[in-house]
Amino acid sequence: MSRSSMNRFVVLGGLIGGAFDISYAIIYSSLRGVAPERILQSVASGLLGKDAFTGGLPAAALGLFLHFFIAVVAAFVFYAASRKLAWLVQRPIAAGALFGAAMYGVMNFVVLPLSAIPFTRKYAPVGVISELAVHMFLFGCSIALCVRAGQRRSAAMA
């Protein structure tokens with residue numbers, strides 16, 4: 001399989017994982033009375049600061065783009081690691097769960113504190129547990145399973 005075919009599997013993994021993650025965030029927040037546009041603006045606030053919340057739909061669109069960009073980059077990080085550590089694709093559920101937990105930690109304790117977000121993140125136990133589970137089993141496992149599928153297809157075509 002060509003490198004571009006493998007890249008498609010990696011991008012697909014990032015898009016699927018990103019879709020699960022942002023869908024969860026929008027549904028969870030909507031149940032608490034927060035509009036989807038506001039969730040996407042909060043993502044954009046990592047880059048724009050408080051101006052994201054007065055930026056309307058363009059800021060929300062930027063937030064959506066940034067969210068999926070980060071998810072796809074994460075998928076490429078997993079793929080690069082899997083080329084050195086074969087067990088990542090041999091055990092995609094365990095590896096995906098570990099990767100998802102690591103991504104949750106990096107995003108919440110490294111990226112967000114270094115970003116321009118104009119608010120302090122609150123970590124309620126129910127939110128942390130559900131967000132961590134989404135990152136582990138929907139985000140991380142989607143990426144790991146897509147990377148494994150791409151590598152298996154590549155091996156079958158060789």
Side-chain angles (χ1 to χ4, degrees), residues 3-85 88 92 95-147 149-150:
R3 187 157 179 78
S4 66
S5 292
M6 187 63 215
N7 287 346
R8 279 183 256 163
F9 277 92
V10 176
V11 169
L12 181 63
L15 294 176
I16 292 170
F20 277 131
D21 184 36
I22 201 67
S23 295
Y24 161 78
I26 288 171
I27 292 167
Y28 180 82
S29 297
S30 292
L31 294 173
R32 306 179 96 208
V34 180
E37 181 179 353
R38 190 83 168 164
I39 299 308
L40 297 173
Q41 289 170 337
S42 73
V43 176
S45 78
L47 191 62
L48 302 176
K50 66 181 179 177
D51 292 341
F53 297 106
T54 57
L57 285 177
L62 175 63
L64 187 63
F65 169 79
L66 292 171
H67 173 77
F68 280 105
F69 177 78
I70 291 166
V72 170
V73 168
F76 275 100
V77 167
F78 184 89
Y79 170 62
S82 76
R83 295 186 41 91
K84 301 290 182 190
L85 303 169
L88 294 176
L98 288 171
F99 182 72
M103 282 300 301
Y104 177 83
V106 167
M107 291 304 298
N108 282 279
F109 303 111
V110 178
V111 174
L112 288 180
L114 294 173
S115 76
I117 62 168
F119 54 87
T120 302
R121 178 102 157 69
K122 296 179 181 117
Y123 294 97
V126 171
V128 169
I129 291 167
S130 60
E131 289 173 24
L132 187 56
V134 167
H135 275 83
M136 291 171 68
F137 300 109
L138 298 178
F139 181 79
C141 288
S142 295
I143 290 170
L145 289 166
C146 283
V147 168

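Scanning all heavy atoms of the two residues, the minimum distance from Gly127 to Tyr28 falls at CA-OH, 3.9 Å. Heavy atoms only, all atoms of each residue included: Pro92 and Cys141 are closest at O-SG, 4.3 Å. Of all heavy-atom pairs spanning Ala97 and Phe137, the tightest one is CB-CE2, 3.9 Å.
For Ser142, the side-chain hydrogen bond (donor to acceptor under 3.5 Å, both in side chains) test picks out no residue, with sequence neighbours left out. Scanning for side-chain hydrogen bond (donor to acceptor under 3.5 Å, both in side chains) contacts around Ser130 gives Tyr24, with sequence neighbours left out.
Asp21 is listed as a side-chain neighbour of Val134, based on a closest heavy-atom distance under 4.5 Å.
Once rounded to the nearest 0.5 Å, the distance linking CG of Leu132 with CE of Met103 reads 12.5 Å. Between the CG atom of Leu40 and the CD1 atom of Ile26 there is a distance of 5.0 Å, given to the nearest 0.5 Å.
Relative ring orientation between Phe139 and Phe99 is described as parallel, the plane-to-plane angle staying below 30° on a 0-90° scale split at 30° and 60°.
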Side-chain donor-acceptor distances from residues 44-56 under 3.5 Å, at least two apart:
{"unit_1": "Ser45", "atom_1": "OG", "unit_2": "Ser42", "atom_2": "O", "d": "2.6"}
{"unit_1": "Thr54", "atom_1": "OG1", "unit_2": "Asp51", "atom_2": "O", "d": "3.1"}

Run the side-chain donor-acceptor check on residues 57-80: report pairs under 3.5 Å with partners two or more places apart or on a different chain.
{"unit_1": "His67", "atom_1": "NE2", "unit_2": "Gly18", "atom_2": "O", "d": "2.8"}
{"unit_1": "Tyr79", "atom_1": "OH", "unit_2": "Arg83", "atom_2": "NH1", "d": "3.3"}

Per-pair distances, 0.1 Å, donor-acceptor, side chain in residues 111-124, under 3.5 Å, sequence neighbours excluded:
{"unit_1": "Ser115", "atom_1": "OG", "unit_2": "Leu112", "atom_2": "O", "d": "2.8"}
{"unit_1": "Ser115", "atom_1": "OG", "unit_2": "Ile117", "atom_2": "N", "d": "3.3"}
{"unit_1": "Arg121", "atom_1": "NE", "unit_2": "Asn108", "atom_2": "OD1", "d": "3.2"}
{"unit_1": "Arg121", "atom_1": "NH2", "unit_2": "Asn108", "atom_2": "OD1", "d": "3.3"}
{"unit_1": "Arg121", "atom_1": "NH2", "unit_2": "Glu131", "atom_2": "OE1", "d": "2.3"}
{"unit_1": "Arg121", "atom_1": "NH2", "unit_2": "Glu131", "atom_2": "OE2", "d": "3.2"}
{"unit_1": "Tyr123", "atom_1": "OH", "unit_2": "Asn108", "atom_2": "O", "d": "3.3"}
{"unit_1": "Tyr123", "atom_1": "OH", "unit_2": "Asn108", "atom_2": "OD1", "d": "3.2"}

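Residue pairs satisfying the salt bridge (charged side-chain N to carboxylate O under 4.0 Å, His left out) criterion with at least one member in residues 65-74, sequence neighbours excluded, are absent.
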Checklist entry - Can Cys146 and Ile16 be said to form a side chain to side chain contact (heavy atoms under 4.5 Å, CB included), step by step? => result CA-CA 9 Å; Cys146 283; Ile16 292 170; 4.0 Å; yes
